[in-house]
Amino acid sequence: IRVPIKWSSRTAGQPPYKIEETFFKRVDWVLDQAQKNGLKVVINVHHFEELMKEPDAQLPRLVSMWTQIGERYKGRPNSVFFELLNEPMGALNKKKWNDMIPPVLAAVRKTNPNRTVIIGPGDWNGIGGLAELKLPKDSNLMATVHFYDPFQFTHQGASWVGPDAQKWLGTKWTGSEAERKTIGDRLKVAADWGKANGVQVLVGEFGAFSAADNESRARWTAFVARECERLGMSWSYWELASGFGAYDPQKKEWRSALKAALVP
């Protein structure tokens, strides 16, 4: 499971950028539950908006976050993975992100020399950014990408996308040969990059927003999951119980078609 964590909202804005103890305890609980249930778990830095706007000014804060996270969880089993940052974008362009990776990774390695660390490319962790991603020499790295193609299908009706998303309502994904080939070819770019660079690839997000029809969502989700597996990539569905969710928090039950698509 991949747990998106907005550390920045619980981290002081001035040095030494201390993370609130009550927030740490909540993450402790998440890791305890994962371990108790035999789950591998990814914890990340998610929605760090200030970093996307002012990367140079916020870099020390990100380094401090990972210094504290690394110290806190250095004794956790290797089933806990660290993902340095979700979806670099905005002023944090691909070059700046490449330059930022070594000092942030070094902060983790001081206390966690052998833990698996996950790093994605700039430009929202898109597959297209992999070609410019520069990973340090390190034997315990994974790469991650996010996959939402075709975007007009997966994000139809999503308010945060803008007014165009309303025009896409009704877009279906039928699973035609042409549709499958388009997705397969795109995912293969990520798989081939991983093989060429000797790095395992995690498709850390994929999903179709709930405004799409359920049959198309299940069909698309099943195809993407099986294609990732066929290409030797692990995956994590976005997300549990909100706009894309596979679980209905009101009914307290799985959405059966999506659950079956993910885990047949």
For [X] and [Y], work out which heavy atoms get closest and say how close.
X      : Y      : answer
Gly120 : Trp97  : O-NE1, 2.8 Å
Gly245 : Leu258 : O-CD1, 3.6 Å
Tyr17  : Ala12  : CD2-O, 3.4 Å

Is the side chain of [X] donor-acceptor paired with the backbone N or O of [Y] at a distance under 3.5 Å, no angle test?
X      : Y      : value
Thr154 : Asp149 : no
Thr11  : Trp7   : yes
Ser216 : Asp213 : no
Gln58  : Pro55  : no
Arg10  : Glu20  : no
Gln156 : Ala165 : no
Arg226 : Ala261 : yes
Asn140 : Arg115 : no
Asn37  : Leu39  : no
Arg109 : Asn112 : yes

Tell me whether [Y] is reachable from [X] by hopping between hydrophobic residues (I, L, V, M, F, W, Y) whose side-chain heavy atoms are closer than 4.5 Å.
X      : Y      : answer
Trp160 : Phe147 : yes
Ile118 : Leu51  : no
Val108 : Val42  : no

Kindly compute the distance separating [atom1] ([X]) from [atom2] ([Y]), expressed to the nearest 0.5 Å.
X      : Y      : atom1 : atom2 : result
Asn197 : Leu130 : CG    : CG    : 8.5 Å
His146 : Asp123 : NE2   : CG    : 12.5 Å
Glu50  : Ser8   : CD    : OG    : 4.5 Å
Asn44  : Leu84  : CG    : CG    : 9.5 Å
Met65  : Phe48  : CE    : CZ    : 3.5 Å

| message | Per the salt bridge (Lys or Arg N to Asp or Glu O under 4.0 Å) rule, what does the pair list look like for residues 86-105, sequence neighbours excluded? | response | Asp56-Lys96, Lys94-Glu132, Lys95-Asp99

| Got more than 12 heavy atoms from elsewhere within 6.0 Å of CD, Glu177? | no

| query | Sequence neighbours excluded, which residues qualify as ring-ring contact (aromatic ring centres under 6.0 Å, His included) partners of Phe81? | reply | none

For [X] and [Y], take the angle between the two ring planes, folded into 0 to 90°, and tell me which bin it lands in: parallel under 30, tilted 30 to 60, perpendicular over 60.
X      : Y      : result
His46  : Trp238 : parallel
His155 : Phe151 : parallel
Trp220 : Phe206 : tilted

[X] bridged to [Y] by N-O distance under 4.0 Å:
X      : Y      : answer
Glu54  : Arg61  : no
Lys188 : Glu227 : no
Lys167 : Asp164 : yes
Arg76  : Asp32  : yes

| query | Would Trp66 and Phe82 count as a close aromatic pair, with their ring centres under 6.0 Å? | reply | yes

| field | ring pair (Phe, Tyr, Trp, His ring centres under 6.0 Å): pairs with one or both residues in residues 245-264, sequence neighbours excluded | value | Tyr247-Trp254

